[in-house]
Amino acid sequence: MFRGVMAVLGLLVLAGCAGDVAPSVETPSMYQSMAREGARVDVAAAAIMISQYRQNNGLGPVTVDPALTKLAEDQSSTMARRNKLDHDVKAPLAQRLNASGYPAVVAVENVSAGYHTLAEAFSGWRDSPPHRANMLKAGVDRIGIAASYAPGTKYKVFWTMILASTDTPR
């Protein structure tokens with residue numbers, strides 16, 4: 001009987017050791033660093049984050065718009081290439097929208113640099129009155145967002161978020 005008890009205890013000890021291995025947990029996309037080659041913003045997660053913020057402030061959600069995402073990518077990469085944080089680094093937003101054929105009825109844009117994660121960029125925009133006003137713009141229902149990494153620059157990561165609505169049905 002003593003041997004049986006010892007055998008069971010031994011197995012329990014071994015089983016307990018196996019339980020000490022921590023499961024691998026992936027960092028939520030909003031906390032993943034964009035300060036690395038090939039990093040891409042999780043646009044769906046960004047849309048959820050902005051939508052929840054808007055809904056908490058009595059506004060409707062936004063959905064991902066691939067055309068706005070492309071425009072945001074172009075703006076972020078241009079700022080990164082030129083090492084310049086500027087809405088008009090390429091052209092004003094209205095001109096960029098028109099040149100791409102995007103039928104915006106209303107559109108606003110947030111740009112920033114130096115934030116390494118989506119959570120940091122969101123917090124920076126939320127804490128800035130003009131950027132907060134853009135995120136809470138009434139009537140917008142679409143989003144495009146991007147970040148570009150430029151390791152040789154002061155800021156390292158350049159962000160663009162465009163919120164808009166169109167006169168075309170979804």
Check your understanding: Taking atom CG of D65 and atom CG of L163, what is their separation to the nearest 0.5 Å?
Key -> 11.0 Å

Check your understanding: So do the side chains of I145 and T160 get within less than 4.5 Å of each other, counting heavy atoms only?
Key -> no

Review point. Which distance, rounded to the nearest 0.5 Å, do you find between the CG of N98 and the CG of L93?
Key: 9.0 Å

**Study point:** Atom pair OG (S100) and CG (L71), whose distance is rounded to the nearest 0.5 Å
**Key:** 4.0 Å

Exercise for review: Would you kindly confirm whether V157 and I162 end up in one hydrophobic cluster when ILVMFWY residues are joined by side chain heavy atoms under 4.5 Å apart?
Suggested key: no

Review point. Which distance, rounded to the nearest 0.5 Å, do you find between the CZ of R142 and the OG1 of T69?
Key: 11.5 Å

Exercise for review: Identify whether M135 and V106 are in the same connected component of the hydrophobic contact network (ILVMFWY, side-chain heavy atoms under 4.5 Å).
Suggested key: yes

Review point. Do the side chain of T117 and the main chain of Y31 share a donor and acceptor less than 3.5 angstrom apart?
Key: no

Review point. In a check of side-chain contact (heavy atoms from CB on, under 4.5 Å) between F158 and each of K84, M79, R81, M34, which one passes?
Key: M79

Practice item. Check whether any side-chain heavy atom of W125 lies under 4.5 Å from a side-chain heavy atom of R132, and answer yes or no. Key: no

Review point. Taking the side chain as C-beta and beyond, is there a heavy-atom pair between V111 and W159 under 4.5 Å?
Key: no

Review point. Under 3.5 Å, side chain of N57 to main-chain N/O of L59, donor-acceptor pair present?
Key: no

Practice item. Show your working on side-chain contact (heavy atoms from CB on, under 4.5 Å) between N134 and K137 and close with a plain yes or no. Key: CA-CA 5 Å; N134 283 346; K137 180 76 172 174; 5.6 Å; no

Check your understanding: Just how far is it from atom CZ of R36 to atom NE2 of H116, taken to the nearest 0.5 Å?
Key -> 12.0 Å

Exercise for review: Please check if L118 and Y149 belong to a single hydrophobic cluster, counting links between Ile, Leu, Val, Met, Phe, Trp and Tyr side chain heavy atoms closer than 4.5 Å.
Suggested key: yes

**Study point:** Side-chain donor-acceptor contact under 3.5 Å, R54 with S51
**Key:** no

Point to revise | Hphob cluster co-occupancy, Y115 + M30, side-chain heavy atoms under 4.5 angstrom | key: yes

**Study point:** Same apolar cluster (I L V M F W Y, side chains within < 4.5 Å links), Y102/V43
**Key:** no

**Study point:** Side-chain (S76) to main-chain (E73) donor-acceptor, under 3.5 angstrom
**Key:** no

Point to revise | Distance-minimising heavy-atom pair for V64 and A47 | key: CG2-CB, 3.7 Å

Review point. For Y155 and N83, does a side-chain donor sit closer than 3.5 Å to a side-chain acceptor?
Key: no

**Study point:** Closest heavy-atom pair and its distance - A91, R96
**Key:** O-NE, 2.7 Å

Check your understanding: Can the ring centroids of F122 and Y53 be said to lie less than 6.0 angstrom from one another?
Key -> yes

Check your understanding: Side-chain contact, heavy-atom cut-off 4.5 Å: Q75 with V89?
Key -> yes

Check your understanding: Does the side chain of M161 come within less than 4.5 Å of I50's, by heavy atoms?
Key -> yes

Exercise for review: Indicate the atoms forming the closest heavy-atom contact of S77 with S148, along with that distance.
Suggested key: N-OG, 3.1 Å

Review point. Can you check whether P151 reaches E37 side chain to side chain, under 4.5 Å on heavy atoms?
Key: yes

**Study point:** Over 12 foreign heavy atoms within 6.0 Å of CZ, R40
**Key:** no

Check your understanding: Taking S128 for the side chain and G124 for the main chain, is one N or O donor matched with an acceptor at less than 3.5 Å?
Key -> no

Review point. Can you tell if the side chain of L97 reaches within under 4.5 Å of the side chain of L68, non-hydrogen atoms only?
Key: yes

Exercise for review: Start with the C-alpha gap between Q32 and E26, add the side-chain angles, then the distance that decides, and say whether side-chain contact (heavy atoms from CB on, under 4.5 Å) holds.
Suggested key: CA-CA 9 Å; Q32 291 180 358; E26 188 175 323; 3.5 Å; yes

Check your understanding: Can you tell if the side chain of H131 reaches within under 4.5 Å of the side chain of R126, non-hydrogen atoms only?
Key -> no

